[in-house]
Number of protein chains: 2
Amino acid sequence: MTAIKESSTRNFNKGVALTSCPVTFVMEKIGGYWKPIIIYHLMSGPKRYSELKRAIPQITEKMLIQHLKQLQADDIVNRVAQAVVPPVVTYSLTKPGEDLFTVLDSMVDWAVKNGSV
Amino acid sequence: MTAIKESSTRNFNKGVALTSCPVTFVMEKIGGYWKPIIIYHLMSGPKRYSELKRAIPQITEKMLIQHLKQLQADDIVNRVAQAVVPPVVTYSLTKPGEDLFTVLDSMVDWAVKNGSV
DNA sequence: ATGGTTACATACTTTGGGGTAAGTACTTGT
DNA sequence: ACAAGTACTTACCCCAAAGTATGTAACCAT
């Protein structure tokens with residue numbers, strides 16, 4: 001076990017840059033491979049866990065819940081579980097989550113204008 | 001050396017999802033920790049390599065040129081070098097690069113509304 | 001001739017995101 | 001009795017991104 005240097009750039013960034021740069025703040029929330037894809041699928045309405053899984057066949061279950069939990073912690077998605085068997089868990093976008101539409105939309109705009117698809 | 005499975009999700013994604021999802025397309029260009037920060041600093045006008053370095057003290061030189069080269073390859077920044085000594089290299093945003101303002105701006109909007117800063 | 005400046009390059013290491021595979025709890029259908 | 005469905009959990013592995021550290025070429029000023 002090698003101790004991590006207290007003065008490392010990594011540590012410095014964690015404390016300063018991450019919270020002070022709004023763009024990085026957003027990247028923290030919707031960055032990564034799967035998050036925008038999950039959010040996109042929730043934009044067409046609330047979905048069950050299994051519906052999301054079927055909608056995004058390439059994602060592994062681990063990645064799916066992992067990101068759903070993170071999005072939940074970031075107040076981007078809501079989780080509603082019914083105490084029945086088999087379990088029924090529904091995910092939906094929160095208000096902040098829905099507001100991300102503007103962001104994703106501007107991204108799509110740019111992508112379309114600049115050679116994607 | 002273990003061979004990578006041809007059918008792995010990783011490979012599948014490289015070929016399909018990356019190019020077919022416009023949001024992921026944008027993430028490929030401006031995702032990562034430093035890229036948006038570099039782009040942000042270029043939005044206030046062309047900058048020399050050394051000016052960027054001073055403007056972003058926490059970045060290492062390796063990260064700086066690495067991302068500048070990538071942004072160049074993605075046609076987001078221009079590089080103009082003067083054949084003098086000591087070298088003078090100026091980086092500026094291309095048209096697509098400037099168009100990212102809309103995207104970054106919507107991110108900042110969202111961040112401000114949702115608890116950043 | 002030595003140090004400073006500028007814009008890189010390169011070898012090595014660490015870290016975290018993502019992938020694979022397998023297991024769990026509970027109940028219904030056959 | 002056993003497979004199947006639902007919503008997870010867990011252990012383990014791999015690789016790419018990021019960080020650390022050092023070197024280089026060219027010239028100028030002292």
Side-chain angles (χ1 to χ4, degrees), chain A residues 1-14 17-18 24 27-38 46-72 77 79-91, chain B residues 1-14 17-18 24 27-38 46-72 77 79-91:
Chain A
M1 173 168 92
T2 338
I4 185 168
K5 276 185 251 168
E6 199 53 45
S7 63
S8 85
T9 312
R10 211 184 309 266
N11 282 341
F12 182 75
N13 290 338
K14 288 262 163 62
L18 283 188
T24 300
M27 289 298 191
E28 288 282 301
K29 307 287 180 181
I30 64 168
Y33 192 86
W34 297 109
K35 278 188 203 162
I37 298 176
I38 295 171
K47 298 264 183 314
R48 291 184 61 178
Y49 174 85
S50 51
E51 287 181 295
L52 283 172
K53 213 188 122 35
R54 272 191 298 272
I56 315 169
Q58 301 87 25
I59 202 173
T60 62
E61 299 201 35
K62 180 197 164 193
M63 282 295 105
L64 185 53
I65 22 120
Q66 186 175 301
H67 285 124
L68 282 171
K69 297 224 173 239
Q70 188 59 53
L71 290 168
Q72 222 189 309
V77 308
R79 193 190 99 114
V80 178
Q82 297 174 44
V84 296
V85 165
V88 174
V89 180
T90 309
Y91 292 93
Chain B
M1 172 169 90
T2 338
I4 187 167
K5 276 187 249 169
E6 199 54 46
S7 63
S8 86
T9 312
R10 210 184 310 266
N11 283 339
F12 182 75
N13 290 339
K14 289 264 163 65
L18 283 189
T24 300
M27 290 297 190
E28 288 281 302
K29 308 287 181 180
I30 64 167
Y33 191 87
W34 298 108
K35 278 188 205 162
I37 299 176
I38 295 171
K47 298 264 183 314
R48 289 184 64 177
Y49 175 84
S50 51
E51 286 181 296
L52 284 171
K53 211 185 125 34
R54 272 190 298 271
I56 315 169
Q58 302 86 24
I59 203 173
T60 61
E61 298 202 38
K62 182 197 163 193
M63 284 294 105
L64 184 53
I65 22 120
Q66 186 174 304
H67 286 125
L68 282 172
K69 298 228 171 232
Q70 188 59 55
L71 290 168
Q72 221 189 310
V77 308
R79 194 190 98 115
V80 178
Q82 296 175 44
V84 295
V85 165
V88 174
V89 179
T90 309
Y91 292 92

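Since the structure is predicted, the reported quantities are computational estimates derived from the model, not experimental observations. To find a chain, count down the sequence lines: A is the first, B the second, and so on, and within it residues start at 1.
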Output a table of nitrogen or oxygen pairs between the protein and nucleotides 24-30 of chain D separated by less than 3.5 Å.
none

Checklist entry - Taking C-beta and beyond as the side chain, do B:R79 and B:L68 meet within less than 4.5 Å on heavy atoms? => result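 No - every pair of side-chain heavy atoms lies 4.5 Å or more apart.
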
Item to check | Validation row: A:I59, A:I37 side chains within 4.5 angstrom (heavy atoms) | outcome: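 No, their side chains stay 4.5 Å or more apart.
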
For atom [atom1] of [X] and atom [atom2] of [N], their distance in whole Å:
{"X": "B:Y33", "N": "C:dT15", "atom1": "OH", "atom2": "P", "result": "17 Å"}
{"X": "A:E28", "N": "C:dG16", "atom1": "CD", "atom2": "C1'", "result": "12 Å"}
{"X": "A:Q58", "N": "C:dG17", "atom1": "CD", "atom2": "P", "result": "21 Å"}
{"X": "B:L64", "N": "C:dA9", "atom1": "CG", "atom2": "P", "result": "12 Å"}
{"X": "B:K35", "N": "D:dA16", "atom1": "NZ", "atom2": "C1'", "result": "12 Å"}
{"X": "A:Q66", "N": "C:dG17", "atom1": "CD", "atom2": "P", "result": "8 Å"}
{"X": "B:I59", "N": "D:dA17", "atom1": "CD1", "atom2": "C1'", "result": "13 Å"}
{"X": "A:Q82", "N": "C:dC26", "atom1": "CD", "atom2": "P", "result": "19 Å"}

Report yes if at least one side-chain N or O of [X] is closer than 4.0 Å to OP1 or OP2 of [N]; otherwise report no.
{"X": "A:W34", "N": "C:dG19", "result": "yes"}
{"X": "B:H67", "N": "D:dA18", "result": "yes"}
{"X": "B:S50", "N": "C:dT5", "result": "no"}
{"X": "A:R48", "N": "D:dT6", "result": "no"}

Next on the checklist: Once side-chain hydrogen bond (donor to acceptor under 3.5 Å, both in side chains) is applied, do any residues pair with A:K47, and if so which ones, sequence neighbours excluded?
Outcome noted: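 With neighbours one apart ignored, the set is A:S44.
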
Once rounded to the nearest 0.5 Å, what's the spacing between atom [atom1] of [X] and atom [atom2] of [Y]?
{"X": "B:W34", "Y": "B:L71", "atom1": "CH2", "atom2": "CG", "value": "14.0 Å"}
{"X": "B:K29", "Y": "B:Q70", "atom1": "NZ", "atom2": "CD", "value": "7.5 Å"}
{"X": "B:T90", "Y": "B:L52", "atom1": "OG1", "atom2": "CG", "value": "10.0 Å"}

Checklist entry - Looking across every strand, which nucleic acid part, if any, lies under 4.0 Å from B:V84 by heavy atom: base, sugar-phosphate, or nothing? => result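 Counting heavy atoms under 4.0 Å across all strands, no contact is made by B:V84.
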
Next on the checklist: If only side-chain N and O atoms count, and only distance matters, is there a donor-acceptor pair under 3.5 Å linking A:E61 with A:Y49?
Outcome noted: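 Yes.
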
Restricting to nitrogen or oxygen on both sides, can you table the protein-nucleotides 8-10 of chain D pairs closer than 3.5 Å?
unit_1, atom_1, unit_2, atom_2, d
D:dC8, OP1, A:R79, NH1, 2.4
D:dC8, OP2, A:R79, NH1, 3.2
D:dC8, OP2, A:Y91, OH, 2.8
D:dC8, N4, A:E61, OE1, 2.8

Checklist entry - Between A:K35 and A:M27, is there a donor-acceptor pair closer than 3.5 Å when you use the side chain of the first and the backbone of the second? => result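 No.
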
Next on the checklist: Show the nearest heavy-atom pair for residues A:G31 and A:P36, with the distance to one decimal.
Outcome noted: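 Taking every non-hydrogen atom into account, O-CD, 4.5 Å.
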
